[in-house]
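What follows is a single structure, written as structure tokens, with notes after it.
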Number of protein chains: 2
Amino acid sequence: MADINISRPAAGPDSRAAEASPGAPRAGELRWDIIELLFFAYRDFVGDADQELEAFGFGRAHHRVLHFVHRYPGLKVADLLDVLRITKQSLGRVLKQLLDEGYIIQKTGNNDRRQRLLYATPKGEALVARLAGLQTDRINRAIADIGPAGTETVRQFLRAMIDRDDPDKVLEAIFGSGKPATRA
Amino acid sequence: MADINISRPAAGPDSRAAEASPGAPRAGELRWDIIELLFFAYRDFVGDADQELEAFGFGRAHHRVLHFVHRYPGLKVADLLDVLRITKQSLGRVLKQLLDEGYIIQKTGNNDRRQRLLYATPKGEALVARLAGLQTDRINRAIADIGPAGTETVRQFLRAMIDRDDPDKVLEAIFGSGKPATRA
DNA sequence: AAGATATGTCAATATGGCTGACATAAATAT
DNA sequence: ATATTTATGTCAGCCATATTGACATATCTT
């Protein structure tokens with residue numbers, strides 16, 4: 001039946017160093033393995049939440065909004081747009097649903113009354129925590145084998161994978177960059 | 001102006017262990033930090049290719065198809081569907097474009113003439129290599145600080161993040177699982 | 001010859017992006 | 001005080017990519 005010879009990935013026409021040692025490819029060699037691992041890891045990572053979300057009639061977009069509003073209470077709409085890198089029109093539909101269904105509430109800014117500061121409601125907190133629980137289970141399983149030091153290495157790797165130029169508010173918070181968010 | 005107090009992420013109502021040591025959260029604590037890092041890291045990782053793809057009139061879907069066809073020459077359509085976890089209708093349009101524009105070719109299977117085995121053309125190889133080059137640059141930058149041992153830790157982590165039940169052909173190849181792909 | 005399998009295609013629908021245009025309220029600048 | 005800019009919201013339409021269901025064809029298996 002199955003007769004595809006898929007046992008060994010091809011290195012491609014550009015495999016300038018096909019026989020390099022597995023851990024340390026030469027300069028110029030492409031990181032096919034890690035590229036592929038990232039694809040599968042992320043696919044299954046977000047897949048955990050997808051199933052739960054479906055039961056609520058939500059999608060990944062709702063999850064992302066709820067996640068960041070939960071994590072950074074009082075987030076402004078404009079900040080959310082920076083973080084998610086979508087337009088306000090795209091955010092609009094998703095955010096409206098979350099507001100209408102009581103997962104998020106808006107509060108008018110104290111200093112600038114034009115702003116709508118976003119907060120997760122208890123209902124929203126419960127959902128986002130449930131989703132994070134599923135993903136945490138997967139992360140804990142993956143981390144179990146590499147220990148605390150390995151976990152810190154993974155964190156360091158992931159941080160270094162992120163663009164640091166033009167960081168949004170959330171990234172500034174994550175990286176504790178030179179200019180911490182000004183306080184009210 | 002900016003008056004959002006975003007400097008410290010909230011742990012949420014479920015923060016059963018808000019003061020846990022940073023490297024080793026207690027059982028039950030949610031991995032908010034790694035969840036978030038994965039989001040940003042993957043966002044920027046795929047973002048590299050997005051810009052290039054635009055110039056070709058392609059999207060991420062084309063990239064994924066081209067990547068796996070390149071990496072596993074002779075991949076069957078059915079295998080591709082398993083890997084990408086999309087329907088054949090969704091794959092259809094994207095694959096047709098790649099075929100029409102000469103990035104991929106089909107060859108009739110030798111043993112089973114119903115099968116259409118997929119191969120990247122030189123044109124396709126060139127594009128996928130260019131895209132992988134961009135992503136490799138980012139990976140190499142991220143890896144520079146953690147060394148070969150750290151890189152292996154990251155690989156181990158990513159592998160462990162991937163579902164192992166019901167693996168598709170590609171995952172069998174990656175994990176070299178008990179049942180290597182049957183050969184023709 | 002019958003049935004199962006691999007692939008392709010038509011049609012309709014949903015999600016989540018996008019651009020452009022426009023409206024309102026509130027802050028800021030002149 | 002008026003003008004401009006900013007933060008947000010909304011209407012309308014478009015696009016990419018995913019979905020389901022139905023059906024067609026060629027080919028392999030029984």
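Letters A, B, ... mirror the listed sequences (proteins, then strands); counts begin at 1.
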With a 4.0 Å cutoff (strictly under), does any side-chain N or O of [X] reach OP1 or OP2 of [N]?
X	N	answer
Gln115(A)	dA26(C)	no
Arg64(B)	dA18(D)	yes
Thr87(B)	dA18(D)	no
Ser90(B)	dT19(D)	yes

Salt bridge check: are [X] and [Y] linked by an N-O gap of less than 4.0 Å?
X	Y	value
Arg159(A)	Asp33(B)	no
Asp79(A)	Lys169(A)	no
Asp163(A)	Arg138(B)	yes

Quiz item: Taking for each residue the nucleotide of DNA chain C bearing the nearest heavy atom, is the 5' side occupied by Lys88(B) or by His62(A)?
Solution: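 Per heavy-atom nearest nucleotide, the more 5' residue is Lys88(B).
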Interatomic distance where [atom1] belongs to [X] and [atom2] belongs to [N] [whole Å]:
X	N	atom1	atom2	result
Asn111(B)	dA6(C)	CG	P	13 Å
Gln97(B)	dG8(C)	CD	C1'	16 Å
Leu117(A)	dG9(D)	CG	P	11 Å
Ile104(B)	dT7(C)	CD1	P	14 Å
Arg116(B)	dT9(C)	CZ	C1'	13 Å
Asp100(A)	dG9(D)	CG	P	12 Å
Arg113(A)	dT24(C)	CZ	C1'	13 Å
Leu81(A)	dT10(D)	CG	P	14 Å

Exercise. Measure from the ring center of Phe45(B) to the ring center of Tyr42(A) and say whether it is less than 6.0 Å.
Key: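 Aromatic pair excluded; centres sit 6.0 Å or further apart.
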Quiz prompt | Arg114(A) vs Gly92(A), nearer the 5' end of DNA chain D by closest nucleotide | solution =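 Per heavy-atom nearest nucleotide, the more 5' residue is Arg114(A).
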Students often get this wrong, so: under 4.0 angstrom with heavy atoms, is [X] touching a base, only sugar-phosphate, or nothing?
X	result
Arg93(B)	base
Gln106(B)	sugar-phosphate
Glu54(A)	nothing

Exercise. Check the pair His67(B) / Glu36(A) against side chain to side chain donor-acceptor pair (under 3.5 Å), numbers first and verdict last.
Key: CA-CA 9 Å; His67(B) 169 92; Glu36(A) 220 155 76; 2.7 Å; yes
Quiz item: Could a donor-acceptor pair under 3.5 angstrom be found where the side chain of Gln89(A) meets the base of dG20(C)?
Solution: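 Yes, a donor-acceptor pair under 3.5 Å.
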